[in-house]
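Everything on this sheet refers to the single structure shown next.
Positions are given from 1, in the same order as the sequence printed here.
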Amino acid sequence: MQPLLLLFLSPVVVLSSSAWTARGEDEAVAVASPEVNPLYYNCSLSGGRYGQNTTYEDNLKALAARLVGVARVSNFASHTVGSAPDAAYGIALCRGDYTGDECANGLRKAFENAVENRLFCDRFRDATIYYDQYMLRFSGEDFRANLTNAPAWVAWNMNNVTGAGGAAKFGGRVMELINKTADYAAWHSSLQRGYC
Ligand SMILES: *[C@@H]1O[C@H](CO)[C@@H](O)[C@H](O)[C@H]1NC(C)=O
Ligand SMILES: *[C@@H]1O[C@H](CO)[C@@H](O)[C@H](O)[C@H]1NC(C)=O
Ligand SMILES: *[C@@H]1O[C@H](CO)[C@@H](O)[C@H](O)[C@H]1NC(C)=O
Ligand SMILES: *[C@@H]1O[C@H](CO)[C@@H](O)[C@H](O)[C@H]1NC(C)=O
Ligand SMILES: *[C@@H]1O[C@H](CO)[C@@H](O)[C@H](O)[C@H]1NC(C)=O
């Protein structure tokens, strides 16, 4: 299925015909785009679809508002609204340099486009949507209980490293970032287990 892809084609440059894919039952589409359009989204058919004016739809809208509110403060939010079988589970994350109102307004628009304007993942209960500046997922199943990177997607930064020694300098910064991230993850995990 290739839902409403044309909506995204007109104002943007498509990476290549192989840049978007549809595998199995899921719809997965990647487009190169400016800020307002998703870079990639996965509408997972396994979660099924929800009807108009259903409890799930209400819960999803409340979830979106809650995630936006929390992400404005902390750049990341994880929340549940309602109870099974109508519960809506979700997470939202903004890029580190995209904070406060920018983060909140971007996420709000992203949820609006998915849930109210139904520009993509039309009434899918389980949708993952990646923008450059933020990403979100919601589902009727609590995927957060065993959070993984799936459905993952990798994007290239199209800028080149330049200047004398630029590549080595950049590589050093990458290593530094990875080291700090690993240290932080270990620290955070030991905190959770009560070792600190
Ligand atoms: C879409 O997301 C679902 C749920 O995480 C996953 O099972 C599926 O493999 C993903 N599809 C693609 C094409 O990545
Ligand atoms: C959903 O609610 C709206 C607003 O009350 C109404 O116009 C619409 O007909 C309803 N749709 C269904 C399928 O019940
Ligand atoms: C998470 O995964 C672990 C290991 O696969 C499993 O034992 C556990 O039951 C899962 N938890 C939930 C809530 O699905
Ligand atoms: C980056 O370098 C490649 C290879 O030299 C070149 O083709 C490309 O146009 C460069 N990109 C930018 C944004 O300058
Ligand atoms: C990253 O950590 C490794 C292992 O401790 C160390 O060898 C390396 O020098 C570190 N690199 C940077 C840039 O901090």
What distance do Asn53 atom CG and Asp58 atom CG have between them, rounded to the nearest 0.5 Å?
7.5 Å

Would you say Val81 and Val70 are hydrophobically clustered, going by side-chain heavy atoms of ILVMFWY under 4.5 Å?
no

Going by an N to O cut-off under 4.0 Å, is there a salt bridge joining Glu57 and Arg123?
yes

Whether Arg49 and Asp122 form a salt bridge (side-chain N of Lys/Arg under 4.0 Å from carboxylate O of Asp/Glu) is what I want to check.
no

If you measure from CZ on Phe111 to CG on Leu63, what distance do you get to the nearest 0.5 Å?
6.0 Å

Nearest-0.5 Å distance that lies between atom CG in Leu93 and atom OG in Ser78:
11.5 Å

Can you tell me how far OG1 of Thr128 sits from CE of Met135, rounded to the nearest 0.5 angstrom?
10.5 Å

Looking at Tyr131 and Leu39, what are the two nearest heavy atoms and their distance?
C-CD1, 3.8 Å

Quick check for you: to the nearest 0.5 Å, what is the distance between Cys121 atom SG and Ile129 atom CD1?
5.0 Å

Going by distance alone, is a donor N or O of one side chain under 3.5 Å from an acceptor N or O of the other, for Asp101 and Asn105?
no

Would Arg144 and Ser139 count as having a side-chain donor-acceptor pair, cut-off 3.5 Å?
no

If you define the side chain from C-beta out and look only at heavy atoms, does anything of Leu45 sit under 4.5 Å from Phe124?
yes

Phe170: hydrophobic cluster co-members (side-chain, 4.5 Å)
Val161, Val174, Ile178

Could you walk me through whether Tyr41 and Cys43 pass side-chain contact (heavy atoms from CB on, under 4.5 Å), step by step?
CA-CA 7 Å; Tyr41 55 88; Cys43 321; 3.5 Å; yes

When rounded to the nearest 0.5 angstrom, what is the spacing between OG1 in Thr99 and CD in Gln133?
12.5 Å

Please check this pair: side chain of Thr54 against backbone of Tyr50, looking for a donor-acceptor N/O pair closer than 3.5 Å.
no

Tell me whether Phe76 is reachable from Phe143 by hopping between hydrophobic residues (I, L, V, M, F, W, Y) whose side-chain heavy atoms are closer than 4.5 Å.
yes

Is there side-chain contact between Phe138 and Val115, with heavy atoms separated by less than 4.5 Å?
yes

Could you tell me which non-hydrogen atom of Gly82 sits nearest to which non-hydrogen atom of Ala87, and how far apart they are?
O-CB, 3.7 Å

Identify the two heavy atoms, one from Ala150 and one from Arg137, that lie closest to each other, and give their separation to 0.1 Å.
O-NH1, 3.7 Å

Which pair of non-hydrogen atoms, one from Leu136 and one from Ala110, has the smallest distance, and what is that distance?
CD2-CB, 3.6 Å

Name all pairs fulfilling the disulfide (SG to SG under 2.5 Å) condition that reach into residues 51-114, sequence neighbours left out, sorted by first residue then second.
Cys94-Cys103

Ignoring hydrogens and geometry, is there a side-chain-to-backbone donor-acceptor pair from Asn59 to Ala88 under 3.5 Å?
no

Heavy atoms only: give me the nearest Tyr56-Gly140 pair and the separation to one decimal.
OH-N, 3.3 Å

How far apart are the closest heavy atoms of Pro151 and Asn42, and which atoms are they?
CB-ND2, 3.3 Å

Under 4.5 Å between side-chain heavy atoms, counting indirect links through other Ile/Leu/Val/Met/Phe/Trp/Tyr residues: same cluster for Leu67 and Val73 or not?
no

With a 3.5 Å distance limit and no angle check, can you tell me whether Asn160 reaches the backbone of Thr162 through a side-chain donor-acceptor pair?
no

Do Leu119 and Asn37 come within less than 4.5 Å of each other through their side chains, counting heavy atoms only?
no

Do the side chain of Ser74 and the main chain of Ala71 share a donor and acceptor less than 3.5 angstrom apart?
no

Might you work through the side-chain hydrogen bond (donor to acceptor under 3.5 Å, both in side chains) test for Arg125 and Ser44, ending with a clear yes or no?
CA-CA 8 Å; Arg125 290 168 75 95; Ser44 178; over 6 Å; no

Consider side chain to side chain contact (heavy atoms under 4.5 Å, CB included). Of Lys109, Arg108, Glu112, which one does Val68 pass it with?
Arg108

Geometric cation-pi criterion, Arg95 with Tyr134: 6.0 Å, 45°
no

